[in-house]
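Note sheet for the following structure.
Computed from a predicted structure; not experimentally measured. Ligands are counted one by one from 1 in listed order, and the atoms in each one are counted from 1 as well.
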Amino acid sequence: MGRASASGKVILLGEHAVVYGHSAVVVGIENGAEAHAEHSQTSSIAVGTQTTTSDRQTLELAFAALLHCLSAGPCRAQVHLHVPAGCGLGASAAAGVAVARAVLDLLAPAPGAESPARRSAVLDAAHAWERVFHGNPSGIDATAATLGGCFVFSRAAGPSSVAVAQPLRLAVAVADAPASTRTMVDRVARLRASEPERIDRVLARIGELALAGCTALQRGSPADLGALMNENHASLQQLTVSTTRLDDACGWARAAGALGAKLTGSGGGGCVIALCDQSSERILQAWRSHGLACFDMILRPSAH
Ligand code: MEV
């Protein structure tokens, strides 16, 4: 039996703009998904514990694409998600990376740190899986699921790790119903086709916010980072990917002392994140008083 795990993610700054070649900053959520794989006469895949937003046929097509990419024979895989699906926390990419790792672990066990060659095989397979779900993803989710930690990403340059100067506390709330990334990416594409100049300006500005966010992270300036997150949320509103519930959840977090708050992921539903000033307690309490499921996480300075 092969077994493995992979990270979920929150996008701190830059979603949607990253699809058009701009930069985005992402933070991994440890242990977003686990997978087991075993040899079998025919291939099958099951996702337990959370509802997925995809139908069975899409899941099976994605699994077939992943196995083809790894030149693997028929396998049975079982996935266990630790982040909710369709909420912007990178569940599908975490599942794809965990399954790719579990299949490779079955075919060629290699204990210890993942080699660069192995990592690149995992990423290729996870990209093939993600393309089935999302059409033309930027690749940031699969990269975050593979690497974890905090990095800046663009399609052309790939990932580059960000040396975070001080620990930062983020609060995350599931603020609205799950939404489809493909639908939201298509929505922005249609908006851009109808108003190319205005939307390209918004996308370029989001890319600038992401790069400014890297500087704020490296300098240890949480107040600056929070202000960038607020502006990024306003830009995402202009892209029409926010919802009233996401806007409300950001407002409640700011009123409870957050330095900044924004939707995270593709929008249309799903999660918001808030940057906490020291403690997350008041923000989490505010969200819970409105019935939202939420948690907090710490972004630590890391050596990688
Ligand atoms: C989804 O987590 C992030 C988007 O930018 C899509 C993508 O990058 O593929 C909305």
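- Ser71 is linked by a side-chain contact (heavy atoms from CB on, under 4.5 Å) to nothing, counting only residues two or more places apart in sequence or in another chain.
- Rounded to the nearest 0.5 Å, atoms CG (Leu228) and CG (Leu209) are 6.0 Å apart.
- None of His80, His82, Arg3 except one satisfies the side-chain hydrogen bond (donor to acceptor under 3.5 Å, both in side chains) rule with Glu34; the exception is His82.
- Judged purely by distance below 3.5 Å, without hydrogens or angles, the side chains of Ser92 and Glu130 pair a donor atom with an acceptor atom.
- Counted within 6.0 Å of CZ on Arg198, heavy atoms from surrounding residues, nucleotides or ligands total more than 12; the atom is thus considered enclosed.
- Side-chain contact of Thr58 with Asp55: a donor-acceptor pair under 3.5 Å is present, judged by distance alone.
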Show me the short polar-atom pairs for ligand 1: any N or O of it lying under 3.5 Å from a protein N or O, with distances only.
{"unit_1": "ligand 1", "atom_1": "2 (O)", "unit_2": "Lys9", "atom_2": "NZ", "d": "3.0"}
{"unit_1": "ligand 1", "atom_1": "2 (O)", "unit_2": "Asp141", "atom_2": "OD1", "d": "3.0"}
{"unit_1": "ligand 1", "atom_1": "2 (O)", "unit_2": "Asp141", "atom_2": "OD2", "d": "3.0"}
{"unit_1": "ligand 1", "atom_1": "5 (O)", "unit_2": "His16", "atom_2": "N", "d": "2.9"}
{"unit_1": "ligand 1", "atom_1": "8 (O)", "unit_2": "Ser138", "atom_2": "OG", "d": "2.5"}
{"unit_1": "ligand 1", "atom_1": "9 (O)", "unit_2": "Ser138", "atom_2": "N", "d": "2.8"}
{"unit_1": "ligand 1", "atom_1": "9 (O)", "unit_2": "Ser138", "atom_2": "OG", "d": "3.4"}

